[in-house]
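This report concerns only the one structure given below.
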Amino acid sequence: CVQHERFFFDDGNITFLAEGILYRVHRYFFCRDSNEFRSRLSKIPTHDGASSPPVVSLENVKSKDFDAFLSILYPPNFNTWEERPFEEWSSILELSTRWGFTNIRDLAVRCLKPPSSNQRLILGRKYAIDAWIVPALVDLCQRLDPLSLDEARLMNFEDVVLIGSVRERVR
């Protein structure tokens, strides 16, 4: 395992492991903002400074996704907002939803700009963002091009049928 170059703090009191990378951070943020982590970390003794902090393995979490998530908790500069690509905001939305970080999830929903109506619909369904679903469906029904096979494969069956039937009725 290797220590993360940015998110490994000497004064951190919990260590997370994701894809062979160690992150030593402050459990306070995780306990304060997430019921899941509050419960999970309550079973782990607190770090007293005499020994190494406990290591918590993050199953099914990619290090690049955890990096994006931690960059919200530990911004490099409080005076400027760091621009993030769609993929990073998607990772932040995924982890904040999975772990119950409501405020970070709300931030991700506000900042995430899906590049297509299809992606907005898929993310809206996956993460229960109701405000995205109807506008995405309307856009997909009104556009000139029909759904591509690749788009349809990513969507749920009901949405594909709904879009197809609405488009057929309009025509």
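- The minimum heavy-atom distance linking Pro53 with Ile14 is given by the pair CB-N, 3.9 Å.
- Remark: Arg40 pairs with no residue by the side chain to side chain donor-acceptor pair (under 3.5 Å) rule, at least two apart or across chains.
- Proximity of Pro54 to Thr15: side-chain heavy atoms (C-beta onward) are nowhere separated by under 4.5 Å.
- Listed by first and then second residue, the salt bridge (charged side-chain N to carboxylate O under 4.0 Å, His left out) pairs involving residues 145-154 are Arg143-Glu151, Asp150-Arg153 (not counting sequence neighbours).
- Taking OG of Ser34 as the reference point, atom CZ of Arg38 lies at 7.0 Å (rounded to 0.5 Å).
- Shortest non-hydrogen contact noted between Arg6 and Pro76 is NH2-CD, 3.1 Å.
- Taking the side chain as every heavy atom from C-beta outward, Ile21 and Phe66 never approach each other to under 4.5 Å.
- Separating the CD atom in Glu19 from the SG atom in Cys1 is a distance of 11.5 Å, to the nearest 0.5 Å.
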In sequence, state the C-alpha distance, the side-chain angles, and the governing distance for Trp89 and Val109, and then conclude on side chain to side chain contact (heavy atoms under 4.5 Å, CB included).
CA-CA 8 Å; Trp89 279 119; Val109 169; over 6 Å; no
Please report, to 0.1 Å, the donor-acceptor pairs under 3.5 Å made by any side chain of residues 98-105, with sequence neighbours excluded.
unit_1	atom_1	unit_2	atom_2	d
Arg98	NE	Glu94	OE2	3.0
Arg98	NH1	Asn60	O	3.4
Arg98	NH2	Asn60	O	3.3
Arg98	NH2	Glu94	OE2	2.9
Arg105	NH1	Thr97	OG1	2.9
Arg105	NH1	Tyr127	O	3.1
Arg105	NH2	Tyr127	O	2.7

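- Listed for the Ser96 side chain is a donor-acceptor partner under 3.5 Å among the backbone atoms of Leu93.
- A heavy-atom distance below 4.5 Å is found between the side chains of Arg84 and Ile92.
- A search for side chain to side chain donor-acceptor pair (under 3.5 Å) contacts involving Ser42 returns nothing, not counting sequence neighbours.
- Under the 4.5 Å side-chain heavy-atom criterion for Ile, Leu, Val, Met, Phe, Trp and Tyr, Phe30 and Tyr28 are members of the same hydrophobic cluster.
- Hydrophobic clustering, defined by side-chain heavy atoms of Ile, Leu, Val, Met, Phe, Trp and Tyr closer than 4.5 Å, groups Val138 together with Val134.
- Under the rule for a salt bridge (charged side-chain N to carboxylate O under 4.0 Å, His left out), the partners of Asp139 that lie at least two apart in sequence or sit in another chain are Arg120.
- Val61 has its side chain within reach of Leu95: a pair of non-hydrogen atoms, C-beta onward, lies under 4.5 Å apart.
- Using the six-membered ring where Trp is involved, Phe16 and Phe37 have ring planes that are perpendicular, over 60° apart on the 30 and 60° scheme.
- To the nearest 0.5 Å, atoms CD (Gln142) and CD1 (Ile163) are separated by 11.5 Å.
- The side chain to side chain contact (heavy atoms under 4.5 Å, CB included) search around Ser116 returns Asn118, Gln119, not counting sequence neighbours.
- Asp67 and Tyr23 form a side-chain donor-acceptor contact under 3.5 Å, judged by distance and modelled atom types alone.
- Taking a 4.5 Å side-chain heavy-atom cut-off between Ile, Leu, Val, Met, Phe, Trp and Tyr, the cluster of Val55 extends to Phe8, Leu17, Leu22.
- Residues passing the side chain to side chain donor-acceptor pair (under 3.5 Å) test with Ser91 are Asp65, sequence neighbours excluded.
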Criterion side chain to side chain contact (heavy atoms under 4.5 Å, CB included) on Gln3 and Arg24, from CA distance to verdict
CA-CA 8 Å; Gln3 297 175 357; Arg24 183 175 293 166; 5.8 Å; no
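- Listed by chain and number, the residues in a ring pair (Phe, Tyr, Trp, His ring centres under 6.0 Å) with Tyr74 are Phe9, His26, Phe29 (sequence neighbours excluded).
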Pair Glu59, Ser57 - check side chain to side chain contact (heavy atoms under 4.5 Å, CB included), show working.
CA-CA 6 Å; Glu59 302 299 324; Ser57 181; 2.9 Å; yes
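- Shown here for Pro114 and Trp132, the closest heavy-atom pair between the two residues is CG-CZ3, 3.7 Å.
- Other residues sharing the hydrophobic cluster of Phe157, ordered by chain and number and joined by side-chain separations under 4.5 Å: Val161.
- For Asn156, the side chain to side chain donor-acceptor pair (under 3.5 Å) partners are Asp159, not counting sequence neighbours.
- Between Leu123 and Ile129, the shortest heavy-atom contact is O-CD1, 4.2 Å.
- In this structure, Glu158 places its CD atom where more than 12 heavy-atom neighbours from other residues, nucleotides or ligands lie under 6.0 Å away.
- Of all the heavy atoms in Met155 and Leu121, the pair that sits closest is CE-CD2, 3.5 Å.
- Minimum interatomic distance between Arg27 and Ile44 (heavy atoms only, all atoms of both residues): NH2-O, 3.1 Å.
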